[in-house]
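On a predicted model such as this, the values are computed, not experimentally measured, just so you know. Here is the naming used below: chain letters follow the sequence lines, and residue numbers restart at 1 for every chain.
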Amino acid sequence: MATDCTAETLKDPKERQSLRRRLLAWFGKHKRDMPWRRTRDPYQIWLSEIMLQQTTVAMAGPKFTVFVAAFPTVHDLAAADEQQVLRMWEGLGYYRRARGLHAAAKVIVAEHDGQLPRDVKSLMALPGVGRYTAGAVASFAYDVSAPIVETNTQRVLARLTGYRDEVVGGAGQRHIWNAAEALLPTTGAGTYNLALMELGALVCKPSDPRCDECPVTAHCAAFAGGLQNEIPKLAAKVKVTAVREGTVVVRKSGRVLLRQRAKGERWEGMWDFPRFALDGEGPLFVRRELVDNVREQTGVDIEPGPLLTTIKHGVTRYRITLECYEARATGGRVKSTDESSVRWTPLAELGDLPLSVTARKIATLITKQG
DNA sequence: AAGTCGGGGTG
DNA sequence: CACCCAGACTT
């Protein structure tokens, strides 16, 4: 029963229609311009949704434009080399999305005649497409009446319905999806979904929502109870672990030593300088770790040089301090396995390979130095 | 149900 | 620093 969990105020059809009308009027005045809102091409809409998963609009915008220029159609994407796709994804993070996108493009060409499916079930069968993305593509591209729940709409719906329990987890998600479904119009679902999301992004913000600018406070249980800052209930925060890692730029006659990240590793499929956890404190101990780890990962023997730079960055729940050393090769030979290949790469070719952001920073640094 | 996966922007 | 971002997938 879709309305079982819905707040009392939203059980009345007239109430829901009034809410939608106010929301759409507000959206008409305040909607932002975005690259993917200028097209109805299902391929581009799907691409934008994958790109926007856990990624800000500001970050995705420029990447989207460049990506579409490189792969204008699903056929272009399906025919592309995965390395090219990863290269275009560089800097966006969650690189599994790029691999899934590429795999899904092949499925769409092979099984759907190059057309994005219209129905939620078929969309969800594609790699990287969950219930949110399926609903987004179906409603935005085809105006199918499918609900969406992502971080914005989840927050808006929790507040509208005055849902005080934990929203992450089975019961909470059921409630939110039921509310999304209950409010969904039978026509114009795409615009309505966009409007609800936009309200969450611009007005119904995580902290200190601008209720004075909100078009639907009359329908909002959280506003009525003064609970806007208590709803939705925040998830337990994950604790961050500090990690120290080392990476080495090994040079040999104008080339540098790279290895490709193996399946199951972080940054799978992308290229990186030899990189590993660093345990030792003293310079001699570190020096030994560099020699041993480079040898183990690549088969190459090195003579470590000075510290080139230190980069601090975060990867999900890890806070990483990365020490980057220079070194020169003294012997050994590259060993590539099935899972991970190793190669000596000319500096001029670094621009063609997909690198992690840290590896790209180092590549830029050593390329400028010459 | 909990862990994993990136990286950058904001207060 | 803490928190947040058009989530999906694996264990």
Report the distance from atom CD of E49(A) to atom P of dC5(C), rounded to the nearest whole Å. 15 Å
Answer with base, sugar-phosphate or nothing: what part of the nucleic acid does G170(A) contact at a heavy-atom distance below 4.0 Å?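 Here G170(A) touches the backbone only, sparing every base.
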Starting from the 5' end of DNA chain B, give me the residue, L92(A) or G169(A), whose nearest nucleotide shows up first.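 In this pair, the answer is G169(A).
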OP1 or OP2 of dC5(C) sitting under 4.0 Å from any side-chain N/O of T151(A)? yes
Assign M34(A) to base, sugar-phosphate, or nothing according to its heavy-atom contacts below 4.0 angstrom with the strands shown.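 Base, at least one base heavy atom under 4.0 Å.
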Tell me whether the OP1 or OP2 atom of dA2(C) has a side-chain N or O from K237(A) closer than 4.0 Å. no
From NZ of K239(A) over to P of dA2(C), roughly how many Å is that when rounded to an integer? 14 Å
Could you work out which one of dG8(B), dG7(C), dG6(B) sits closest to the side chain of Q53(A)? dG7(C)
Counting only distance, no hydrogens or angles, is the base of dG6(B) paired donor-acceptor with the side chain of T55(A) under 3.5 Å? yes
Taking the minimum atom-to-atom distance to the side chain of S356(A), which one of dG8(B), dG7(B), dA6(C) wins? dG7(B)
Nearest to the T316(A) side chain among dA6(C), dC5(B), dG7(B), which nucleotide is it?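 Nucleotide nearest to T316(A)'s side chain: dC5(B).
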Using the C1' atom as the reference point in each nucleotide, state the distance between dC3(C) and dG6(B) in Å, no decimals. 16 Å
Euclidean distance, atom CZ of residue R96(A) to atom P of dG7(B) [Å, nearest integer]: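 Result: 14 Å.
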Can you say whether the rings of F67(A) and W89(A) are parallel (under 30°), tilted (30 to 60°) or perpendicular (over 60°)? perpendicular
What integer distance in Å separates W177(A):CH2 from dG7(C):P?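 Going from CH2 in W177(A) over to P in dG7(C) covers 11 Å.
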Counting N and O atoms only, with roles assigned by atom type, does the side chain of R275(A) sit under 3.5 Å from a partner on the main chain of T247(A), one being a donor and the other an acceptor?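 No; judged by distance alone, with no hydrogens or angles, the pair does not exist.
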When you measure from the side-chain N and O atoms of R155(A) to the phosphate of dC5(C), is any distance below 4.0 Å, counting only OP1 and OP2?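 Yes, R155(A) has a side-chain N/O under 4.0 Å of OP1/OP2 on dC5(C).
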Nearest-angstrom distance from the residue atom CG of L322(A) to C1' of dG7(B): 15 Å
Euclidean distance, atom CZ of residue R319(A) to atom C1' of dG7(B) [Å, nearest integer]: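 Between C1' of dG7(B) and CZ of R319(A): 11 Å.
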Closest-nucleotide ordering on DNA chain C, the 5'-leading residue of E150(A) and V129(A):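 Residue closer to the 5' terminus by nearest nucleotide: E150(A).
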How are the rings of W36(A) and F64(A) set relative to one another: parallel (under 30°), tilted (30 to 60°) or perpendicular (over 60°)? perpendicular
Counting heavy atoms from C-beta on, name the nucleotide in dG6(B), dC4(C), dA6(C) closest to the side chain of R97(A). dG6(B)
Below 4.0 angstrom from OP1 or OP2 of dC5(B), is there any side-chain N or O of R317(A)?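 Negative; the distance criterion is not met.
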Side-chain N,O (T133(A)) to OP1/OP2 (dA8(C)) below 4.0 Å: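 Yes, T133(A) has a side-chain N/O under 4.0 Å of OP1/OP2 on dA8(C).
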Would you check, one step at a time, whether the test side-chain contact (heavy atoms from CB on, under 4.5 Å) holds for V315(A) with V243(A)? CA-CA 10 Å; V315(A) 178; V243(A) 176; over 6 Å; no
Would you say CZ of R32(A) has more than 12 non-hydrogen atoms from neighbouring residues, nucleotides or ligands within 6.0 angstrom?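 More than 12 heavy atoms, drawn from other residues, nucleotides or ligands, come within 6.0 Å of this atom.
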Write down the distance separating the P atoms in dG11(B) and dA6(C), rounded off to the nearest Å. 14 Å
Walk me through whether V286(A) and R244(A) qualify under side-chain contact (heavy atoms from CB on, under 4.5 Å). CA-CA 11 Å; V286(A) 169; R244(A) 184 167 157 243; 3.5 Å; yes
Indicate, with a heavy-atom threshold strictly under 4.0 Å, whether G100(A) touches base, sugar-phosphate, or nothing.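 Touches nothing.
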Under 4.0 Å, counting only non-hydrogen atoms across every strand here, what does M197(A) touch: a base, just sugar-phosphate, or nothing? base
Starting at CD of Q154(A) and ending at P of dA6(C), how long is that distance when rounded to a whole Å?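 About 12 Å, once rounded to whole Å.
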Any side-chain N or O of Q54(A) less than 4.0 Å from the OP1 or OP2 oxygen of dG7(C)? yes
Using only side-chain N and O atoms of Y94(A), determine if any of them is under 4.0 Å from OP1 or OP2 of dC5(C).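 Checking dC5(C) against Y94(A), no side-chain N or O comes under 4.0 Å of OP1 or OP2.
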When you check the phosphate oxygens OP1 and OP2 of dA6(C), does a side-chain N or O of W46(A) lie under 4.0 Å from one of them?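 So the side chain of W46(A) is outside the cut-off, no N or O lying under 4.0 Å from OP1 or OP2 of dA6(C).
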Spacing between K361(A) atom NZ and dG7(B) atom C1', to the nearest angstrom: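 Whole-Å distance recorded here is 9 Å.
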Could you report the tightest heavy-atom contact between M59(A) and T55(A), atom names first, then the distance? CB-CG2, 3.9 Å
